[in-house]
2 protein chains.
Amino acid sequence: MENDPVQAIATRLKIEREARGWSLAELAERSGVSKAMISKIERSEASPTATVLGRLSGAFGLPLSVLLALAERAQERVALQAEQPVWTDPETGYTRRAVSPANSPLEILDVSLPSGVRVPYPASAFAFQHQQIWVLAGRLDFQEGPVMHHLAEGDCLLLGPPADCVFFNPGKEPARYVVALTRR
Amino acid sequence: MENDPVQAIATRLKIEREARGWSLAELAERSGVSKAMISKIERSEASPTATVLGRLSGAFGLPLSVLLALAERAQERVALQAEQPVWTDPETGYTRRAVSPANSPLEILDVSLPSGVRVPYPASAFAFQHQQIWVLAGRLDFQEGPVMHHLAEGDCLLLGPPADCVFFNPGKEPARYVVALTRR
DNA sequence: TGCCATCGTCCACTATAGAAGACGATTATC
DNA sequence: GATAATCGTCTTCTATAGTGGACGATGGCA
């Protein structure tokens, strides 16, 4: 029953930070946690308190339980559907499911966007990662900086250099799409 | 983005402990965390470290992420299916879904037990709670102390005084059943 | 009534989480 | 090739997490 999550949190924290292209200083500013402490946590030289974990997950825009669920799957090779962490935005109904076992250099997300919902995504979250969007069902209007892409079922878009983006579902049915990303 | 989980952890920890009828001293012994510290955490006078949270969730037999997911839903009244914490035992495929929004005096669990799987449950986990088992699909052999109950689809069993129990699915199909429990 | 046993909280002390800033290493810019 | 950012780690210090044990309250039980 011995279950120290310090190591798992360490590797996951580093992954989340680097996936966004953030330095220690930048994550420190966004989260309000000192960069010295973040450095220690990432090297598993400290056991963060619940308060600090809450600040860090908040900076990533993730509920703490989802961040930990991702951390716990660190060494798994197979991710059963029932074990995949799901996060639903209670306001919009936007749902994001982490399909890939964690710690893989390639991550797959299964996203469902309700009809009429609009989700912005800041450029800073895209830095240092290559990603593609593939629509499984419904329609998706994707604004990439000044450019607007109209995607329908089966379409796949490769994202360019980092820009502020917006996901929007113009249809009447929920849009379901895959986000696949790899880090630089 | 301010998201201090200390209060939510406090109430959830107390619920999990009391649902099992454990005193501070008993949880302290099972988890290896001092009872003084557990008392502080339950009164949200301390922010537990990841290490301590790992020991506590381990004592409850829950992954840390599930414990936190339950804590996060503290003040919700509606629990969307996608938000309900699910835990799957990787060895047996046993799946448990927490249906009720947390902090309610009545809790509903949606359990799926694969064919041929056997799950023991110690008497200590039952103390101070009243519970019923209702089979939705498949068959379930439920051993309650020395007594064996054979349940089929639609059957509902009211549990007696605390005893060591075993869930077993003798059928070829997965068994799906509801566990409803309330605290004393 | 008196005596244990057990409950949760409080106290004194130690270990460590966490903040602020210094430091060497690396890379970009001219 | 010198200067200046910026990176992550290390150092110092303070706040607090965490432990062991004492304490008053409560509840059987003789």
Side-chain angles (χ1 to χ4, degrees), chain A residues 2-59 64 67-68 71 124 127-129 161-162 183-184, chain B residues 1-59 64 67-68 71 124 127-129 162 183-184:
Chain A
E2 195 47 59
N3 189 24
D4 195 339
V6 166
Q7 177 60 51
I9 290 172
T11 61
R12 190 67 207 175
L13 176 58
K14 186 160 189 168
I15 285 176
E16 292 295 330
R17 180 175 65 84
E18 292 185 340
R20 291 169 174 75
W22 295 349
S23 67
L24 285 180
E26 183 158 5
L27 177 55
E29 189 178 1
R30 287 171 178 268
S31 63
V33 179
S34 73
K35 65 175 185 171
M37 179 47 68
I38 297 172
S39 174
K40 278 194 211 169
I41 297 169
E42 285 189 354
R43 286 173 292 134
S44 58
E45 289 192 355
S47 182
T49 58
T51 303
V52 164
L53 287 176
R55 291 205 200 120
L56 291 172
S57 62
L64 178 49
L67 184 68
L68 289 215
S124 61
F128 295 99
Q129 64 187 20
R183 316 174 209 298
R184 289 301 327 255
Chain B
M1 215 48 99
E2 195 46 60
N3 190 24
D4 195 338
V6 166
Q7 177 60 52
I9 291 172
T11 61
R12 190 66 207 176
L13 176 59
K14 187 160 190 169
I15 286 177
E16 291 296 328
R17 180 175 66 85
E18 292 185 341
R20 290 168 174 76
W22 294 349
S23 67
L24 286 180
E26 184 158 4
L27 177 55
E29 188 178 3
R30 287 171 179 266
S31 63
V33 179
S34 72
K35 65 175 185 169
M37 181 44 76
I38 297 172
S39 174
K40 278 192 209 170
I41 297 169
E42 286 188 354
R43 286 173 292 133
S44 57
E45 289 192 355
S47 182
T49 58
T51 303
V52 163
L53 287 176
R55 291 206 200 121
L56 291 172
S57 63
L64 179 50
L67 185 68
L68 288 222
S124 61
F128 295 99
Q129 64 187 21
R183 317 173 210 300
R184 286 302 327 255

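Atoms considered below: every heavy atom in the structure, side chains included; atoms not considered: hydrogens, waters and symmetry mates.
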Query raised in the report: Is the shortest side-chain N/O distance from Ser39(A) to OP1 or OP2 of dT9(D) below 4.0 Å?
Result: yes
Query - Candidates dG18(D), dC7(C), dA19(C) - which lies nearest the side chain of Lys40(A) - result: dA19(C)
Query raised in the report: Taking the side chain of Arg17(B) as its heavy atoms from C-beta onward, which of dG18(C), dG8(C), dT9(C) lies nearest to it?
Result: dG8(C)
Query - Under 3.5 Å: donor-acceptor pair, side chain of Ser47(A), backbone of Ala50(B) - result: yes
Requested in this report: Would you kindly give the CD1-to-C1' distance between Ile38(A) and dA19(C), to the nearest whole Å?
Outcome: 12 Å
Report task. Give one of base, sugar-phosphate or nothing for Ala36(A), where a contact means two heavy atoms less than 4.0 Å apart. Result -> base
Report task. Can you tell me the distance, in whole Å, between the CG atom of Leu27(B) and the P atom of dT6(C)? Result -> 17 Å
Requested in this report: Mind calculating the distance between CE (Met37(B)) and P (dC10(C)) to the nearest angstrom?
Outcome: 14 Å
Query - Pro48(B) or Lys35(B), whichever maps to the more 5' nucleotide of DNA chain D - result: Pro48(B)
Query raised in the report: Rounding to a whole Å, what distance do you find between Leu13(A):CG and dG18(C):P?
Result: 12 Å
Query raised in the report: Expressed in angstrom and rounded to an integer, what is the separation of Glu29(B) atom CD from dC7(C) atom P?
Result: 11 Å
**Report entry** Donor-acceptor under 3.5 Å (Ser31(B) side chain, Leu27(B) main chain)
**Finding:** yes
Query raised in the report: Charged N to carboxylate O under 4.0 angstrom, Arg17(A) versus Glu42(A)?
Result: yes
Query raised in the report: Counting just side-chain N and O atoms, does Arg55(A) come under 4.0 Å of either OP1 or OP2 of dA17(C)?
Result: no
**Report entry** Modelled atom types, side-chain donor and acceptor of Thr51(B) and Arg55(B), under 3.5 Å
**Finding:** no
Report task. For Glu45(B) and dT9(C), give me the distance from atom CD to atom P, rounded to whole Å. Result -> 9 Å
Requested in this report: Hey, which sits more toward the 5' end of DNA chain C by its nearest nucleotide, Ser47(B) or Glu42(B)?
Outcome: Glu42(B)
Query - Polar side-chain atom of Ser57(A) near backbone of Leu53(A) as donor-acceptor pair, under 3.5 Å - result: yes
Query raised in the report: dT9(D), dA17(C), dC7(D): which one has an atom nearest the side-chain heavy atoms of Arg43(A)?
Result: dT9(D)
Query raised in the report: Tell me: CG of Leu24(A) to C1' of dA5(D), nearest whole Å?
Result: 16 Å
**Report entry** Glu18(A) CD to dG8(D) P, straight-line distance once rounded to whole Å
**Finding:** 8 Å
